[in-house]
Amino acid sequence: MVQNSLWGAKAAARDAGEAMCPYRLVLEHVTSRWGVLVLIELLDRPYRFSELRRAIASVGRGVSEKMLTQTLQTLERDGLVHRDAKPVIPPRVDYSLTDLGREAAEQVRALALWTEQRMSAVEKARERYDTAKATAEQP
């Protein structure tokens with residue numbers, strides 16, 4: 001009973017935050033740890049769940065089934081991912097990007113590529129900052 005009221009409170013808070021600033025939540029979904037990787041992978045082609053999970057792991061990060069499921073459901077709710085469940089045995093579910101999802105994924109990929117290309121400049125800036133901070137803290 002306590003857990004149900006807790007979930008209800010969390011849902012109410014989420015809904016209130018979404019009503020006040022809906023674009024912020026979409027931005028959080030698109031730029032989340034797993035959202036970025038899912039969107040970029042789905043740019044290449046549709047994937048089955050297990051294929052997508054392996055593809056994400058191949059870039060160096062293993063994602064749990066629970067987190068991948070939650071991420072896909074969130075992106076589907078936002079209209080970015082399409083879930084196609086085929087009535088066959090064994091069940092087959094394919095995930096692909098919607099037009100809106102493709103647009104978002106291209107933007108996310110561009111940011112990821114920029115980050116990769118500019119990482120040396122970021123590292124130099126971090127070194128300058130850390131050196132200046134350490135110098136300022138010395139007596």
Side-chain angles (χ1 to χ4, degrees):
M1 184 71 95
V2 173
Q3 188 172 7
N4 285 341
S5 63
L6 178 62
W7 285 109
K10 286 183 179 180
R14 183 197 72 224
D15 292 344
E18 190 170 347
M20 292 182 341
C21 195
Y23 66 87
R24 179 183 53 82
L25 285 176
V26 174
L27 186 60
E28 286 177 15
H29 299 160
V30 168
T31 60
S32 71
R33 178 179 184 179
W34 305 117
V36 167
L37 297 175
V38 166
L39 290 170
I40 290 173
E41 284 299 327
L42 288 176
L43 267 172
D44 292 337
R45 65 178 179 87
Y47 280 91
R48 293 179 74 176
F49 184 89
S50 56
E51 291 176 319
L52 182 57
R53 189 167 178 224
R54 282 192 300 273
I56 290 170
S58 74
V59 270
R61 292 190 172 167
V63 58
S64 70
E65 286 186 26
K66 178 182 175 183
M67 285 309 304
L68 183 55
T69 298
Q70 288 176 350
T71 300
L72 287 166
Q73 287 173 345
T74 299
L75 295 173
E76 183 182 8
R77 180 173 184 255
D78 288 342
L80 306 176
V81 169
H82 174 72
R83 181 180 186 272
D84 183 22
K86 294 178 177 41
V88 295
I89 297 177
R92 180 182 174 107
V93 179
D94 292 317
Y95 294 92
S96 60
L97 293 174
T98 63
D99 290 341
L100 188 62
R102 182 161 297 284
E103 187 179 335
E106 288 169 352
Q107 298 297 320
V108 168
R109 181 172 57 186
L111 181 58
L113 290 172
W114 175 87
T115 304
E116 183 179 334
Q117 292 166 352
R118 302 300 291 159
M119 195 61 212
S120 64
V122 170
E123 288 170 343
K124 288 176 186 173
R126 287 176 176 171
E127 288 173 15
R128 285 192 304 272
Y129 176 88
D130 292 344
T131 301
K133 186 114 172 131
T135 304
E137 290 176 356
Q138 290 180 355

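Rounding to the nearest 0.5 Å gives a distance of 5.0 Å between NE2 of H29 and CG of L25. The line from CG of L111 to OG1 of T31 is 9.0 Å long, rounded to the nearest 0.5 Å. The distance from atom CG of D44 to atom OG of S96, rounded to the nearest 0.5 Å, is 13.0 Å. Note: R53 CZ to R48 CZ = 15.0 Å, rounded to the nearest 0.5 Å. For the atom pair L113 CG and R118 CZ, the distance stands at 13.5 Å (nearest 0.5 Å). For the atom pair L97 CG and E41 CD, the distance stands at 11.0 Å (nearest 0.5 Å).
Test H82, R45, K86 against D94 for side-chain hydrogen bond (donor to acceptor under 3.5 Å, both in side chains) and you get one pass: K86.
Atom NZ of K133 sits in a sparse spot, with 12 or fewer heavy atoms from other residues, nucleotides or ligands closer than 6.0 Å. Few gaps surround CD on Q70; more than 12 heavy atoms of other groups in view lie less than 6.0 Å from it. For CG of D84, the number of neighbouring non-hydrogen atoms (other residues, nucleotides, ligands) closer than 6.0 Å is greater than 12.
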Q: Could you walk me through whether L72 and F49 pass side-chain contact (heavy atoms from CB on, under 4.5 Å), step by step?
A: CA-CA 9 Å; L72 287 166; F49 184 89; 3.9 Å; yes

Q: Just do the side-chain contact (heavy atoms from CB on, under 4.5 Å) check on V122 and R126 with the steps written out, would you?
A: CA-CA 6 Å; V122 170; R126 287 176 176 171; 3.7 Å; yes

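In this structure, V38 and V63 have side chains that are not in contact, with every pair of non-hydrogen atoms separated by 4.5 Å or more. Taking the side chain as every heavy atom from C-beta outward, I56 and W34 approach each other to under 4.5 Å.
By the rule that hydrophobic residues join a cluster once side-chain heavy atoms approach within less than 4.5 Å of another member, V36 and L27 end up as members of separate clusters. When hydrophobic clusters are built by joining Ile, Leu, Val, Met, Phe, Trp and Tyr residues whose side-chain heavy atoms come closer than 4.5 Å, directly or via intermediates, V59 is grouped together with V30. Residue V26 is grouped with residue L43 when hydrophobic side chains (ILVMFWY) are merged at heavy-atom distances under 4.5 angstrom, including chains of intermediate members.
Between L80 and A104, the shortest heavy-atom contact is CD2-CB, 4.4 Å. Counting all heavy atoms, side chain and backbone alike, G79 lies closest to L100 at O-CB, 3.8 Å.
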